[in-house]
Amino acid sequence: MRPAESLRETYGKKLVEIGHRKKDVVVLDADLSSSTKTSEFGKIFPDRFFNMGISEQSMVTAAAGLALAGKQAFVSTFAVFLMRTYEQIRQSVCYNNIDVKFVVTHAGITVGEDGATHQIVEDVGIMSGLPNMKVIVPADSIETASVIDYLVDKTKTPYYVRLTREKFPVVNDDSYKFKEGQNTVLRDGSDLTIFCNGSMVGFSLQAAEELKKQAIDTAVVNVSSIKPLDRSGIISYAKKTGHVVTAEEHSIYNGLGSRVSEVLSEEYPVPVVRVGMRDTFGKSGKSWELFDYFHMGIKDIVSAGIKSFREVNKYETIS
Amino acid sequence: MEKSMPDKDFKGMDRETLEKIAKKARSLIIKMVYSAKSGHPGGSLSIIDVLTYLYFNEMNVDPSDQNLSSRDRFIMSKGHASPALYSILALRGYFPSELLMDFRKINSKLEGHVHRGVPGVETSTGSLGQGLGIGVGMALAAKMDHNPYRVYVVLGDGEIEEGNVWESLMAGSKYGLNNLVAILDKNGVQLDGFTRDIMPMGNVAEKVKAFGWEVREFNGHDFDDIKSAFDFARSVKDRPVFLIANTVKGKGVSYMENNYKYHGSPPANDEEYERALREIEGI
Ligand SMILES: Cc1ncc(C[n+]2csc(CCOP(=O)(O)OP(=O)(O)O)c2C)c(N)n1
């Protein structure tokens, strides 16, 4: 796996490219443009860039107005600070069902040293609950770029795209194209499936290598499209492997683990072991330390895999 | 490592002593962010003189009796200025200064943004715009309980772009909270650049006055001026007070002064680090 630029750097560059080819695209930020990288767009298209100050509610409602007047509005800040506008997003954006794209950065525990106040692990759940909102968690810069192209070229409704601060390894091929509501199988396997997204995809691929050494043939499936969800893609891999782990840089409540469990309990119940944040706030530390601290590291995915694999076997022998 | 200040009544402390404490706190701020390799020096250095005055000459607080119900309450609404608050709390005797060097590290309570788990901290902050509302609530509780404590809230001048702040100003005025003092750290710089470019606020003093608060401006780096501002605040009997501290972001370290790049970045290397400490020593 080769190292990559951070997803927000990709986002910044991509916005500039889109600015050249789409005159209706506008970008709004709330005094974090140097961190979210929307400042790149602002430098080249100052007339279409609005730094709204530290006023997230004003930013979101203005974006709604711009969209209602025919623009496509990209709205960026840190994921955690967008959450204070939940109700504006609900009423002014989702209920109107208009062309506002929330592309947020610094989600999850990988903001590291900034600590608990900034480490939002609830956002996917919050945003997924909104009617008309679609939610995407890209795994690498290739996927991020493809998602932005897709949003600009093919969609006119609200989206929430969750990006992180750190650089993570590239996991997709250069030819990769994002398809809404479709999983990507990054590694096939017959004994166990790890459904994962975001920063946990790279970790899951490494965990699959470890599991192979333990004779557990593990598939790794990137579920970047959380909503809409690729239900059949989840069911088919549950059927194929019979053992499931989910891994996300998010709370196991209301995120990927919950969504996968919902689908499987409705359609094809198998024991699911979820890796992610428990019911707790984060804390300051280096991001790699935090993955271990919160039991979300590679070794934790490996033990979840072993647990899932053994438990189902036990279950089968009992019945 | 600096010794914690002995616990005693600091009222009436002279200017030179306060300046000495502020100097110590400034170097602690630099040491903390350099040791953490992250954190927010700019807005910590701009507010540290005001904090020094508050904790050593103004507020009724006692580190040896931290839960006393009549203690004055302090809220660092701009929670990224944790290095300023943590260092002043350590110097005031709430916890040993040695712990400051664990700032932002995994084994430490000293979270990146102001954290209530730290001795002396009244509320966690870090998402801007919420502290004044918390202050309103505490001031209302003091009135209900006939408790004489006062509530002090530090706000950033970028932070007041949050609508929540103005909603809280309305409430403070409605309830005539003469036990509530807001202090604006008017350093003119926020995260992306100068406040006048990001969101020009016009005449803040007039705006806040129009919201029904008493307003007074002062030099946030001059202890005589700081003293007269807080003495004035005590003299106001019928409404909350909004003190505007004119300050310099990064004050005391030349390359950080008025430079938004050091809003959220520590000295870049050993050379910058040494230089910062030298310059602070020379103030
Ligand atoms: C609600 C919210 N939005 C955005 C941020 C990110 N942020 C942290 S500090 C800062 C700039 C603050 O500027 P100011 O209030 O002037 O603080 P100071 O210059 O005194 O450090 C921003 C935008 C935040 N912490 N909270």
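In what follows, chains are A, B, ... by sequence order, proteins preceding strands, each numbered from 1.
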Hey, could you give me the CD/CG distance between A:Glu56 and B:Leu128, rounded to the nearest 0.5 Å?
8.0 Å

Indicate yes or no: at least one non-hydrogen side-chain atom of B:Asp192 is less than 4.5 angstrom from one of A:Ser39.
no

Applying a strict 4.5 Å limit to non-hydrogen atoms, the region of B:Ser127 in contact with chain A is both

A:Asp114 and B:Glu111: side chain to side chain contact (heavy atoms under 4.5 Å, CB included), yes or no, with the steps?
CA-CA 7 Å; A:Asp114 271 345; B:Glu111 274 283 306; over 6 Å; no

Could you tell me which non-hydrogen atom of A:Met52 sits nearest to which non-hydrogen atom of B:Met199, and how far apart they are?
O-CE, 3.2 Å

Heavy atoms, side chains only, cut-off 4.5 Å: are B:Thr125 and A:Thr117 in contact?
no

Determine the option with the most heavy-atom pairs under 4.5 angstrom with chain B, choosing from A:Ala116, A:Ser58, A:Ser55, A:Gly112.
A:Ser55

For chain A, which of B:Glu159, B:His80, B:Glu161, B:Glu162 has the most heavy-atom pairs under 4.5 Å?
B:Glu162

Less than 4.5 Å to any heavy atom of chain A: does that hold for the side chain of B:His40, its backbone, both, or neither?
side chain

With a 6.0 Å cut-off (strictly less than), is the heavy-atom count around OH of B:Tyr273, excluding the residue itself, greater than 12?
yes

Surrounding NZ of B:Lys109 (heavy atoms of other residues, nucleotides or ligands, distance under 6.0 Å), is the total greater than 12?
no

Got a second to check how far A:Ile54's CD1 is from B:Ile198's CD1, nearest 0.5 Å?
9.0 Å

So with a 6.0 Å cut-off around CZ of B:Phe211, is the heavy-atom count from everything else above 12?
yes

Taking A:Lys286, A:Arg84, A:His118, A:Glu289 one by one, which has the highest count of heavy-atom pairs under 4.5 Å against chain B?
A:Arg84

Sort B:Ser108 into side chain, backbone, both or neither according to what part of it lies under 4.5 angstrom from a heavy atom of chain A.
backbone

Among B:Gln190, B:Lys37, B:Lys105, residue most engaged with chain A (heavy-atom pairs, under 4.5 Å)
B:Gln190

Are more than 12 heavy atoms from other residues, nucleotides or ligands located less than 6.0 Å from atom OH of A:Tyr95?
no

If you count the non-hydrogen atoms of other residues, nucleotides and ligands that lie under 6.0 Å from NZ in B:Lys261, is the total more than 12?
no

Quick one: NZ on A:Lys283 to CD1 on B:Ile106, what's the gap to the nearest 0.5 Å?
5.5 Å

Nearest heavy-atom pair of A:Ser284 and B:Gly112: which atoms, and what distance?
OG-N, 2.8 Å

